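Here is the structure we will look at.
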Amino acid sequence: DRLKDSELKKKGFVRQLLHNGNPQTLTLTYNTRRPFLQDKNTREALGYVFDFDWINANQFHGMYKRAHSYFAGTSLAATGLPGANERKLLSPWEKSLPPELFEKPFISPGSESPKTLSSRDKKKKALALLASAGWKIKDNSQYKDGEKLEFEALIMIPEHERAMLAFQKWLQGLGIQLNIRNVDASQYVERVRNQDFDMVLHVYSHTPSPGTEQSSHWGSATVNSHGTRNIAGANLPAVDALTSKIVEVKTFSELQATIQAMDRVILWNHYSLPLWYNPTWPVIHKDTIQIPSSPAPFALDLMTWWHKPDTK
C-alpha cells in the first residue's frame, strides 16, 4: 500500500471502503469445445494448483476475497447443501448431475485451507484427477492419445498476466505447459467471438436481479454460434431448464432458489474456476466530501455525495 493513511490525512484526503452489494466474480473460464478440456476432471484438476492466497497477498495487497460461486458475495450464491426449493428444481435432472452436488457444499478446487489439504495433497489430488481423465506422465509432461497437455491463456489486462505467470509455474509441477498470449482489446474480442481460445479470465456480469442474460451466458441454444456469450461452451439440459424458469418466477425467494440451483449445477461441472471478487469499493476522497450513512447498496452512486465546506 503506497498511500499511507497518515500521508493522505496531511493532504486533506480520506480513504474508505464502501460496501458493494453486487460484486462481480472473476473466473478462469475453459473453452470446453476444445477436445482436451471436455473431461471435467481435467478442468477440476487445474484448480488445485492455483494458489489464490499467494496471488492475493503478493500481487493485490489482500484486497480480494476467494470466490466459490458465480454470484459470490451476494444472497444469490449457492452455499451449503441444496435447500428444499432447490432440490425441487433439481429433482428432474438428479440422475444426470454429479452426486457431490447433493452431498457436500461446493468450494473452489485448491481453496481448501492447508490444515484441510496441504499443498502436497492438492498436487496429489490434481494428478489423480488427471490420471482418471486418461493423462499419463511421460518425460515430465502429461500426455493423452499422443497429445501433450499444453494450452494457452488469452489475456489483455496486465494484472491478469502477473497472475497467469504464477499459474504457469505451478502447472509445470503437474507436467502441464501453459502459454500466455497477451493481446489488445480488438484481438481479444475477435478471438473470443470466434471461440479461438483455450482459457480466458472472464466475468459473467450480473445484476442484483438476474434475468434472461443467464440464458446467454449458459444456454445451449447459441453454444456454437459466432459471438455467443456462452464462452465456456456449456451444454447441459438442467441449466437450459433452470435459465428458462428465471423469467417465470414471481417472488425474490423463487428467483434466489432458481439462481442458486443453476449456480450449483454449473459449479460442479467445472466450466470455470471462480477466482476472486471485491466486496467493497475502495475510494479516496477529500475530507470535505460527505457520504450518506446508508449509501446505495448496489452502486457507487456519486450523485448522492455532497461537499461540506471546511469550517476550521
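Positions are given from 1 along the sequence. Only a predicted model underlies this, so the values are computations on that prediction, with no experimental measurement involved.
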Exercise for the section: Assess the side chains of S118 and D121: does a donor N or O sit below 3.5 Å from an acceptor N or O? Expected result: yes
Handout entry: With L236, the side chain to side chain contact (heavy atoms under 4.5 Å, CB included) member among Y271, W93, W218
Key = Y271
Handout entry: Pair N194, H226: side-chain N/O donor-acceptor within cut-off below 3.5 Å
Key = yes
Practice task
Determine the interplanar angle of the W170 and W54 rings, folded into 0 to 90°, and report it as parallel if under 30°, tilted if 30 to 60°, perpendicular if over 60°.
Solution key: perpendicular
Completion exercise
Here the pair of heavy atoms bringing K104 nearest to W268 is O-CZ2, 3.4 Å
Handout entry: Atom of S108, atom of L273 and distance for their closest heavy-atom approach
Key = CB-CD1, 4.2 Å
Exercise for the section: Over 60° means perpendicular and under 30° means parallel, so classify the ring planes of W276 and F52, tilted if in between. Expected result: tilted
Handout entry: Salt bridge flag under 4.0 Å for residues E152 and R191
Key = yes
Handout entry: Presence of salt bridge, K144 and E147, under 4.0 angstrom
Key = no
Exercise for the section: Step through the shown structure and confirm whether more than 12 heavy atoms of other residues, nucleotides or ligands are within 6.0 Å of NZ on K9. Expected result: no
Handout entry: same_hphob_cluster(L255, F298) at 4.5 Å side-chain heavy-atom cutoff
Key = no
Practice task
Please test F71 against Q256 for side-chain contact (heavy atoms from CB on, under 4.5 Å), starting from the C-alpha separation and ending with a verdict.
Solution key: CA-CA 11 Å; F71 303 89; Q256 207 170 20; over 6 Å; no
Handout entry: Salt bridge present between D196 and R34 (N-O < 4.0 angstrom)
Key = yes
Handout entry: Six-ring centre of F102, R87 cation under 6.0 angstrom, axis tolerance 45°
Key = no
